[in-house]
Amino acid sequence: QVQLVESGGGLVQPGGSLRLSCAASGSIFGYTMGWYRQAPGKQRELVAASSTLGNTNYADSVKGRFTISRDNAKDTVYLQMNSLKPEDTAVYYCNAKMWRPLLDYWGQGTQVTVSS
């Protein structure tokens, strides 16, 4: 059982930056960690993911602007968001995933609002 708690969301102006944190109650070693987001009326989408060994992938819409990182010793995952756009406004969720056995944990989400 892994519990995830996101923090760092808030209101920011276009072009600004935020850093989201996801703190896990247990070890995240062996899990793929990801950040997802969901805007009103839209499906939840993968923003960024990081494997245990640090391989990463990003949604095309955030490449070059967002960076995911993980600190396995601290059981924490981060999402650095730069050059934020109004289209980035959404609830951002932290996810820990394993396929065998099937394990899928979610945080409660943190609101990010990009507006003037």
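Just so it is clear, the model here is predicted, and its values are computed rather than measured.
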Under 3.5 Å: donor-acceptor pair, side chain of E6, backbone of C94: yes
With a sphere of 6.0 Å drawn around NZ of K74, does it hold more than 12 non-hydrogen atoms of other residues, nucleotides or ligands? no
With a sphere of 6.0 Å drawn around CD of Q111, does it hold more than 12 non-hydrogen atoms of other residues, nucleotides or ligands? yes
Smallest separation among heavy atoms of T52 and N72, with atom names: O-ND2, 3.6 Å
Between Q108 and L4 the two heavy atoms that sit nearest each other are OE1-O, 3.7 Å
Just do the side chain to side chain contact (heavy atoms under 4.5 Å, CB included) check on R19 and S7 with the steps written out, would you? CA-CA 9 Å; R19 190 190 194 196; S7 62; over 6 Å; no
Partners passing side chain to side chain contact (heavy atoms under 4.5 Å, CB included) against Q38 (at least two apart in sequence or in another chain): R44, Y93
Check the pair V47 / Y58 against side chain to side chain contact (heavy atoms under 4.5 Å, CB included), numbers first and verdict last. CA-CA 6 Å; V47 176; Y58 298 89; 5.9 Å; no
Test: D60 and K63 ion pair at under 4.0 Å: yes
I'd like to know whether Y105 forms a side chain to side chain contact (heavy atoms under 4.5 Å, CB included) with N95, so could you lay out the CA-CA distance, the side-chain angles of the two residues, the decisive distance to 0.1 Å, and finally the verdict. CA-CA 6 Å; Y105 302 103; N95 172 255; 5.7 Å; no
For K85 and V114, which heavy atoms make the closest approach, and how far apart are they? O-CB, 3.2 Å
Before you tell me yes or no, could you show the steps for T67 and L79 under side chain to side chain contact (heavy atoms under 4.5 Å, CB included), namely the whole-Å CA-CA distance, both residues' side-chain angles and the distance that decides it to 0.1 Å? CA-CA 6 Å; T67 303; L79 184 68; over 6 Å; no
I'd like to know if the side chain of T89 reaches the main chain of T113, judged simply by a donor and an acceptor atom lying under 3.5 Å from each other, with no hydrogens or angles considered. no
What is the minimum heavy-atom distance between A39 and A90, and which atoms define it? N-CB, 3.9 Å
So CZ of R37 and CE of M81: to nearest 0.5 Å the spacing works out to 9.0 Å
Taking NZ, NE, NH1 and NH2 as the nitrogens, is one of them in D75 or R70 under 4.0 Å from a carboxylate oxygen of the other? no
Cluster question for you: counting only ILVMFWY and a side-chain heavy-atom cut-off of under 4.5 Å, with indirect links fine, are V91 and F66 together? no
Sorted by chain and number, sequence neighbours left out, ring pair (Phe, Tyr, Trp, His ring centres under 6.0 Å) with Y36 holds for W106
Are N82 and S17 close enough that a side-chain donor and a side-chain acceptor fall under 3.5 Å? yes
Provide the closest heavy-atom pair for A96 versus M33 in the form atom of the first, atom of the second, distance. CB-SD, 3.6 Å
Work out which heavy atom in I28 is nearest to a heavy atom in A24; give both atom names and the distance. CG2-CB, 3.5 Å
Joint cluster assignment, Y78 & L84, ILVMFWY side-chain distance < 4.5 Å: no
How many angstroms lie between atom CG of L20 and atom OG1 of T110, to the nearest 0.5 angstrom? 6.0 Å
Is there side-chain contact between P14 and S116, with heavy atoms separated by less than 4.5 Å? yes
What about V77 and L103, same hydrophobic cluster or not, with Ile/Leu/Val/Met/Phe/Trp/Tyr joined at side-chain heavy-atom distances under 4.5 Å? yes
Are L46 and M98 joined in one hydrophobic group, where the rule is that I, L, V, M, F, W and Y side chains link up if heavy atoms are under 4.5 Å apart? no
Given 3.5 Å as the limit, does a donor-acceptor pair link the side chain of Q3 with the main chain of S25, or not? no
Ignoring hydrogens and geometry, is there a side-chain-to-backbone donor-acceptor pair from N57 to S50 under 3.5 Å? no
